[in-house]
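The shown structure was predicted, so the numbers you read here are calculated from the model rather than taken from an experiment.
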Amino acid sequence: QAEWDQLQDRLTDLDWGWVALGFLAQLAAMACTLTRWKLLLDGQEMQVPIKHLIGAFMIGRFIGTFTPSTVGLDGYRMYDIAKHSGKIAPAVSVILVEKVIGFFVLSVLVLATLPWGFAVLPASTLAAVGALYAVPVLLSLVLLSKPSLIQRILGVFFRPGTALGKKVESAAAAVTTYEAQRGKLVRAVAIGFPVHLFSICIFICTGYAIGAPISLTDMLFVGPL
């Protein structure tokens with residue numbers, strides 16, 4: 001009961017200006033995500049109206065509420081686009097490339113915000129975190145610069161002769177399309193940064209809205225992690 005009273009007091013004192021900014025940050029993050037998705041679909045020559053993408057994204061977000069990580073959102077988006085276009089392999093390849101981009105962008109943001117972690121963690125821990133995240137940055141950078149490597153890596157784990165292997169091989173082959181679509185791929189990577197930065201802004205705005213004792217640099221450090 002005491003905690004419930006404290007919660008009521010906190011919600012009564014909400015700063016609605018910060019709540020509104022947090023809501024706008026959420027919309028901006030979603031808009032950037034949709035723009036990136038559209039760019040990657042265009043790279044596979046899959047012309048899907050943005051209105052359809054918004055609907056698919058919102059349904060996927062709802063399903064994702066009940067599934068771990070982004071499994072529900074990504075799974076539904078693959079299913080919807082494959083059903084809409086009749087092209088399964090390209091629909092899967094778009095999500096594969098998008099995951100690599102997200103992996104790269106988040107890892108870069110972690111490394112870029114590490115200096116602000118000195119107020120929170122010891123230098124030895126930050127060095128370990130930096131070393132840990134330097135690996136995915138390099139790995140995903142190589143994969144983005146040479147998408148055909150994704151095809152080779154997947155070929156190692158899935159036997160080409162099996163039914164599943166053939167489907168994976170088709171999706172991996174579709175990924176190589178982006179080697180001839182460098183411009184769209186670079187723009188998709190660039191849009192990945194505001195996607196995650198706006199997501200961090202949601203945390204910051206919410207913290208200020210409830211009057212939490214947070215600092216901007218702490219949130220910028222913790223957000224990507």
Novice: Begin from the C-alpha positions of Arg77 and Val94 and carry the test side-chain contact (heavy atoms from CB on, under 4.5 Å) through to its verdict.
Specialist: CA-CA 10 Å; Arg77 287 194 298 151; Val94 166; over 6 Å; no
Novice: Work out which heavy atom in Leu114 is nearest to a heavy atom in Gly130; give both atom names and the distance.
Specialist: CD1-CA, 3.5 Å
Novice: Roughly how far, to the nearest 0.5 Å, is CG of Leu73 from CD1 of Ile63?
Specialist: 9.0 Å
Novice: Taking all non-hydrogen atoms of both residues into account, name the closest pair between Ile54 and Leu34 and its distance.
Specialist: CG1-CD1, 3.7 Å
Novice: Rounded to the nearest 0.5 Å, what separates atom CD1 in Ile50 from atom OG1 in Thr35?
Specialist: 6.0 Å
Novice: Is Leu39 reachable from Val97 through a run of hydrophobic residues whose side-chain heavy atoms are each under 4.5 Å from the next?
Specialist: no
Novice: Is there side-chain contact between Phe203 and Val222, with heavy atoms separated by less than 4.5 Å?
Specialist: no
Novice: Tell me whether Val195 shares a hydrophobic cluster with Val108, the cluster being built from Ile, Leu, Val, Met, Phe, Trp, Tyr side chains joined at under 4.5 Å.
Specialist: no
Novice: Search all heavy atoms of Phe118 against all heavy atoms of Ala123 and return the closest pair with its distance.
Specialist: CE2-CB, 3.9 Å
Novice: Tell me whether Ile200 shares a hydrophobic cluster with Leu225, the cluster being built from Ile, Leu, Val, Met, Phe, Trp, Tyr side chains joined at under 4.5 Å.
Specialist: yes
Novice: Go through Met46 and His84 one step at a time and tell me if the side-chain contact (heavy atoms from CB on, under 4.5 Å) criterion holds.
Specialist: CA-CA 10 Å; Met46 301 168 73; His84 177 81; over 6 Å; no
Novice: Would you say Leu41 and Leu53 make side-chain contact, with heavy atoms under 4.5 Å?
Specialist: yes
Novice: List the atom of Ala91, the atom of Ala82, and the distance in Å for their closest heavy-atom pair.
Specialist: CB-N, 3.8 Å
Novice: Distance from Asp42 atom CG to Lys184 atom NZ, nearest 0.5 Å?
Specialist: 6.0 Å
Novice: Rounded to the nearest 0.5 Å, what's the gap from CZ on Arg187 to CG on Leu185? Could you check?
Specialist: 10.5 Å
Novice: Using the rule that two of Ile, Leu, Val, Met, Phe, Trp, Tyr join whenever any of their side-chain heavy atoms come within less than 4.5 Å, decide whether Ile95 and Phe57 are in one cluster.
Specialist: yes
Novice: First locate atom CD of Gln8, then atom CD of Glu3, and finally report the distance between them rounded to the nearest 0.5 Å.
Specialist: 12.5 Å
Novice: Not counting sequence neighbours, which residues clear side chain to side chain contact (heavy atoms under 4.5 Å, CB included) with Val120? List them please.
Specialist: Asp218, Phe221
Novice: Among pairs that include at least one residue of residues 110-130, which meet side-chain hydrogen bond (donor to acceptor under 3.5 Å, both in side chains), considering only residues two or more places apart or in two chains?
Specialist: none
Novice: Side-chain heavy atoms under 4.5 angstrom apart, residues restricted to Ile, Leu, Val, Met, Phe, Trp, Tyr: same cluster for Val105 and Ile202?
Specialist: no
Novice: At what distance, to the nearest 0.5 angstrom, does CG of Leu106 lie from CD1 of Ile101?
Specialist: 12.0 Å
Novice: State which residues pass side chain to side chain contact (heavy atoms under 4.5 Å, CB included) with Lys83; sequence neighbours excluded, sorted by chain then number.
Specialist: Tyr79
Novice: Evaluate side-chain contact (heavy atoms from CB on, under 4.5 Å) for Leu197 paired with Leu109, printing each intermediate quantity in order.
Specialist: CA-CA 9 Å; Leu197 288 172; Leu109 288 175; 4.1 Å; yes
Novice: side-chain contact (heavy atoms from CB on, under 4.5 Å) between Tyr208 and Asp15: does it pass, once the steps are laid out?
Specialist: CA-CA 8 Å; Tyr208 288 149; Asp15 186 327; over 6 Å; no
Novice: Search all heavy atoms of Cys32 against all heavy atoms of Ile191 and return the closest pair with its distance.
Specialist: O-CG2, 3.2 Å
Novice: Under 6.0 Å from the CZ atom of Phe103, do we count more than 12 heavy atoms belonging to anything else shown?
Specialist: no
